[in-house]
2 protein chains.
Amino acid sequence: MAHQALEVMTATHHKTKPDPETLQFGKTFTDHMFIMDYSSENGWHSPRIIPYQPLTLDPAAMIYHYGQTVFEGLKAYRTDDDRILLFRPDENFKRLNRSSDRLSIPDIDEKMVLEYLSELLKLDKDWIPTYEGTSLYIRPFIIATEPNLSVAPSTTYKFMIILSPVGSYYKEGIAPVGIYVEDEYTRAALGGTGMAKTAGNYSAAYKAQDKATAHGQAQVLWLDSSEKKYVEEVGSMNVFFKIDGEIITPSLSGSILEGITRKSIIELLKSWGEQVTERRISIDEILNAVREGRLEEAFGTGTAAVISPIGELSWKGEKTLINQRETGSLSRKLYETLTGIQKGRIEDPLHWTYEVK
Amino acid sequence: MAHQALEVMTATHHKTKPDPETLQFGKTFTDHMFIMDYSSENGWHSPRIIPYQPLTLDPAAMIYHYGQTVFEGLKAYRTDDDRILLFRPDENFKRLNRSSDRLSIPDIDEKMVLEYLSELLKLDKDWIPTYEGTSLYIRPFIIATEPNLSVAPSTTYKFMIILSPVGSYYKEGIAPVGIYVEDEYTRAALGGTGMAKTAGNYSAAYKAQDKATAHGQAQVLWLDSSEKKYVEEVGSMNVFFKIDGEIITPSLSGSILEGITRKSIIELLKSWGEQVTERRISIDEILNAVREGRLEEAFGTGTAAVISPIGELSWKGEKTLINQRETGSLSRKLYETLTGIQKGRIEDPLHWTYEVK
Ligand SMILES: Cc1ncc(COP(=O)(O)O)c(C=O)c1O
Ligand SMILES: Cc1ncc(COP(=O)(O)O)c(C=O)c1O
C-alpha cells in the first residue's frame, strides 16, 4: 500500500458531549470517524476522516451473510497535563492483521493506520473525557462489502475507526465478581476462530452469558471445547490464577484470544521477578487449590476492566468463594500499575505508552 | 406478533433481467425486497415490500461488531405451466427460528413470513428464470441493528428477504467433484453455532477452502472438532455414503446443520424402502470401505446443488477414487426425483411443494 494522503472533512455541526459521570459503554460516538476502502485492483485506498455518519451498503453485502469481519478495541487516555496517550496500539494493529489472516481479509499497514488514528484523535481530542477512570474507547473494524451471495472471500472491504467516550468500569473502585463455569456452550474450538477478534465469536456467547446471569453470576468461565476441562477465558477476558505463589494463565492453545493486557501483565510480572507460567490449567486443579487454601487470587484481564478480580466460582451447582470475595493484593497492584501507566501518572519502564502528537 | 398489513411500494424503474444462460450465483437481484423491523417495545412490525435498495445503518450497528445474525436459503421454481413452486419453505422458516434461538434473536411468525415471501414472489415473478436448471434463489436474513458496542443482544433487528435469479448448478449435467479431508481447521464444535445458519460459520471456513483448492479439490470434508475423526459435512452441504447397500449420513451431532435436502432424502429413501441410517461415521471406516470395494457412492446434499456426487477423496496426502469418479445410480435417481418434484414435473408423493398463488 503506497502512502496515501489522508483527506479530512470536518463536521460543521458538533454534537453535545455526554455527562462523564453517567457515561454508558459504547452508546455515544464522537464527531468524526475514519474510513478507507479496499478493492482487489487498488488495495487499501482513499483514507479519509469524515463526520460520523451512517454507512450505506447493499443488502447483499457479504458482511450481512457470511460474517467476514474483524475488529479491535483499545483506549485513548488524557493525562493530567493534557496529553493523549495510547497503550500499545501497535499490538492492536498487529492482532488485527492476525485476525484478518484467519478470516481471509487483506492486511492493513499497521504504521499508517496508527497515523490515521492519531489524526482522528487530535481532531476529536475534546471528546476524551478527563473524569477519573474515563477514557475514549477506540473501535477499529473491517467489514466485507461486496454484494455477492457466493460463499467466498469478498473482493471489497471497508476499514473504519469509530470512537466512543466511556465511563469508569469501576464506579465504586475495583471489586470482585462471580463467575459461572460453562460446560455446555463453547466459545471457540481448536481450528476455529477463537484466536481472532471476529464478530461471530461474540454473539455465539450470549446464550452462555444468559445462563451465567440466571445462576446469579456476572461472567462465564469458558472451558476448552474438546474435553470441557481446561480453563480458557472468562467472558471476553483472559484469566490468571495465583496458586502457591505461582501466577498461572492458560497458554495460547489456539482457541484463546491473545489479550494485550494479558501479554503486558506477563511482562510486568516477570520484570518484578514474579514466577508466571503459561500452561494448561484444569477446572479441577483450580477447585482443589481453593479447597486446600492454596488459591490466593484469580482475575480476568482485558482493555475494558484492566483487572477484574474473581470472587466466586459456580460449578455444577456448587458455589466456591475465592479469597473471601476480596480484591487480592496482586490484583490491586497490577490494576494500579497498569492504569497508572495508561494515564501517564507513573513511570512506564517497558515503554508501552504511545503519545499522540 | 399481531397480523400486520403488508405495505407495498412498487419500483418505478425495472432493471434489465440478466441472460439466463450466463447467470452467476448471487450477483443479480430483483426489483423488490421485503423488510420488517423489530424493537423490544413493538416486536416485529412495519412489514413492507420496497424497491431493492441499499441499507443505511449506524457504523456501531451490532451486526458489524458481534455478528448477531441468521439467514436462510431456498429457491422458487417456475413450472412448465407457469406456476411458482417453493420446496418445503415452512422447514426453512422453522430452521431460521432455531438458528435465531441459538443467536438470541427474537423469533418470527413462520406462517406470516411465508405470506410476505409469497407476495414478494408474485411481484417479482418475471425474475424467476425458466431456462433449464435455473431458479430464483431466496435469501431471508435477520441482522442486529442497535448502535451499541456492548457485548449483549441487540434490542432492534431487521428481517429482510432478497431474491437473486441463479443459473444451473450443473452446466453440463450432474458430475462428481473431489473433496479434501480437513484436519486442521474446524467448521463447528459441540456447544458452538454449527447447527445454526449464522454468518460467522461461513467466513471461518475460507481458509480450509483455500487448502482444498491448493490440493486440487473442489470442496472440504469437515471432521468433528474434538477427535478429528468423524465426518460432519462437505463444504456447505450434508453428506451421504452408500456402503454395502446401506445409506449412511452423519447423525445430527449438535455441530451439523440440519439440511432440508438431507431431511427430504432420508424421507424419500425410506418411502422407497431403502435402508438409511443416521449415525457417526469415521473417515477410517469410509476409507476402509473404499479399499475393500464396499463403498458404492458418496454425495453431498444442499439447496444449491441438490446432489453433488463425490468422485475423489484427498486425505493425508493420498487420493482415493470413489466409484471411478462416476455419478452413481442412487445419486442420479435422487437428483432426478428431487429436481422433478421441485419443478412440478413429477408426482409429489410427500407433499413437499408449496404453490405461491
Ligand atoms: C475474547 C477476548 N479475550 C480477551 C480479551 C482481552 O484482550 P485485551 O487485553 O487486548 O483487551 C478480549 C478483549 O479484547 C476478548 O475479546
Ligand atoms: C453448513 C450447511 N450445511 C448444509 C446445508 C444444506 O442445507 P439445505 O439442504 O437446507 O440447503 C447448508 C445449506 O443450506 C449449509 O449452509
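Because the structure is predicted, anything quoted here is derived from the model rather than measured.
Looking at Phe29(B), the atoms closer than 4.5 Å to chain A (heavy atoms on both sides) all sit in the side chain, from C-beta outward. Using a 4.5 Å cut-off between heavy atoms, Phe25(B) touches chain A through backbone and side chain atoms alike. In this structure, the portion of Phe141(B) lying under 4.5 Å from any heavy atom of chain A is its side chain and not its backbone. Of the atoms belonging to Ser225(B), heavy atoms from both backbone and side chain fall under 4.5 Å from chain A. Looking at Ala152(B), the atoms closer than 4.5 Å to chain A (heavy atoms on both sides) all sit in the backbone: N, CA, C or O. Of the two parts of Met33(B), only the side chain, counted from C-beta on, holds a non-hydrogen atom closer than 4.5 Å to a non-hydrogen atom of chain A. Contact of Leu57(B) with chain A is made through backbone and side chain together, with heavy-atom distances under 4.5 Å.
In this structure, the ring of His65(A) has its center no less than 6.0 angstrom from the ring center of Tyr202(B).
For the set Thr69(A), Leu103(A), Ile35(A), the entry with the most heavy-atom pairs within less than 4.5 Å of chain B is Leu103(A). Heavy-atom pairs under 4.5 Å with chain A were tallied for Gln209(B), Arg102(B), Lys197(B), Lys27(B); the largest tally goes to Arg102(B). Ranked by non-hydrogen atom pairs under 4.5 Å with chain A, the options Thr198(B), Val166(B), Asp101(B) are led by Asp101(B).
In terms of heavy-atom proximity, Ser168(A) sits nearest to Tyr170(A) at OG-O, 2.9 Å.
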Report the C-alpha distance between Phe159(A) and Tyr116(A) in whole Å, list the side-chain angles of each, state the deciding distance to 0.1 Å, and finish with yes or no for ring pair (Phe, Tyr, Trp, His ring centres under 6.0 Å). CA-CA 11 Å; Phe159(A) 170 95; Tyr116(A) 299 144; 8.3 Å; no
